[in-house]
Amino acid sequence: MAATTTSEIKFVVELDENRVPEKLLWTAEEGVAKAEEAKAIMLSIWNSKAQETLRIDLWTKDMPVDEMKLFFHQTLVAMADTFQRATDDQKMTDTMKDFCDYFAEKLNLTV
């Protein structure tokens with residue numbers, strides 16, 4: 001059996017007195033990031049046993065709405081790319097990308 005290794009990704013959320021995120025920091029053990037600041041995090045975790053997705057959606061109270069719209073658009077595009085790599089379903093990937101274009105158009109995003 002081959003030896004395995006582990007890698008840790010850590011999120012730190014600083015909250016205000018009302019438990020609203022003020023600051024988000026993340027660290028990737030393998031040197032990608034060390035206490036890097038972020039304005040938003042969307043994390044999806046698949047629970048195979050329950051056949052459901054668990055989510056963590058956080059954003060700081062000073063996240064500008066225009067940046068949130070861009071964040072969503074870029075996340076949707078990334079999800080389409082990931083879907084393509086995971087399923088090799090080009091037809092649905094194209095449909096998802098069409099929606100991404102529609103989303104950007106409706107929000108007047110310059111992409």
Side-chain angles (χ1 to χ4, degrees):
M1 181 180 279
T4 61
T5 61
T6 62
S7 181
E8 184 175 287
I9 299 172
K10 180 180 174 181
F11 297 99
V12 175
V13 182
E14 291 183 15
L15 305 171
D16 68 10
E17 63 279 354
N18 297 314
R19 302 192 54 78
V20 174
E22 281 193 323
K23 196 173 206 180
L24 301 171
L25 302 168
W26 69 285
T27 299
E29 192 175 76
E30 295 191 19
V32 175
K34 187 165 184 112
E36 290 288 325
E37 192 165 348
K39 292 287 181 190
I41 297 169
M42 286 195 290
L43 179 65
S44 298
I45 302 165
W46 179 246
N47 181 329
S48 185
K49 189 174 183 179
Q51 293 286 292
E52 65 184 8
T53 301
L54 307 172
R55 294 183 8 232
I56 299 172
D57 302 324
L58 298 170
W59 57 93
T60 60
K61 59 185 176 184
D62 66 341
M63 172 82 169
V65 172
D66 60 330
E67 287 185 26
M68 182 60 86
K69 290 176 181 180
L70 282 170
F71 177 56
F72 263 84
H73 179 259
Q74 291 176 11
T75 299
L76 291 168
V77 171
M79 288 176 66
D81 292 340
T82 301
F83 182 82
Q84 166 62 35
R85 286 192 316 275
T87 67
D88 201 29
D89 185 335
Q90 190 61 51
K91 186 175 179 182
M92 184 52 69
T93 299
D94 292 342
T95 300
M96 292 171 72
K97 288 192 175 193
D98 286 344
F99 174 75
C100 292
D101 292 342
Y102 173 80
F103 185 92
E105 177 186 327
K106 290 298 178 185
L107 291 177
N108 296 314
L109 301 178
T110 53
V111 292

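The first residue of the sequence shown is numbered 1, and numbering continues consecutively from there. A quick note: this is a predicted structure, and the numbers were derived from the prediction, not measured.
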Student: For V12, enumerate each residue passing the side-chain contact (heavy atoms from CB on, under 4.5 Å) test, keeping only those at least two apart in sequence or located in another chain.
Tutor: K10, L25

Student: Using the test side-chain contact (heavy atoms from CB on, under 4.5 Å), find all partners of N18 that sit at least two apart in sequence or belong to another chain.
Tutor: D16, V20

Student: Where do F103 and K69 come nearest, in terms of heavy atoms and distance?
Tutor: CE2-O, 3.9 Å

Student: Does V77 share a hydrophobic cluster with L109, counting links as ILVMFWY side-chain heavy atoms below 4.5 Å and allowing steps through other members?
Tutor: no

Student: CD1/I56 to CZ/F11 distance, rounded to the nearest 0.5 angstrom?
Tutor: 8.0 Å

Student: Rounded to the nearest 0.5 Å, what's the gap from CD on E8 to OG1 on T27? Could you check?
Tutor: 9.0 Å

Student: I need the full list of side chain to side chain donor-acceptor pair (under 3.5 Å) pairs touching residues 32-49, with sequence neighbours left out, sorted by first then second residue.
Tutor: K39-D62

Student: Should L58 and L54 be regarded as members of a common hydrophobic cluster, given that ILVMFWY residues are connected when their side-chain heavy atoms come within less than 4.5 Å of each other, either directly or indirectly?
Tutor: yes

Student: Just wondering, do L107 and H73 contact through their side chains at under 4.5 Å, heavy atoms?
Tutor: no

Student: Check whether any side-chain heavy atom of F71 sits under 4.5 Å from a side-chain heavy atom of M68, and report yes or no.
Tutor: yes

Student: Indicate, with yes or no, if V65 and F72 share a hydrophobic cluster defined by side-chain heavy-atom contacts under 4.5 Å among Ile, Leu, Val, Met, Phe, Trp and Tyr.
Tutor: no

Student: With salt bridge (charged side-chain N to carboxylate O under 4.0 Å, His left out) as the rule and sequence neighbours excluded, what pairs involving residues 89-106 come up?
Tutor: D81-K97

Student: Please indicate whether I9 has more than 12 foreign heavy atoms, meaning atoms of other residues, nucleotides or ligands, lying under 6.0 Å from its CD1.
Tutor: no

Student: Which residues pass the salt bridge (Lys or Arg N to Asp or Glu O under 4.0 Å) test with R55, sequence neighbours left out?
Tutor: D57

Student: Can you list the other members of the hydrophobic cluster that holds M96, where links are side-chain heavy atoms under 4.5 angstrom apart?
Tutor: F83, M92

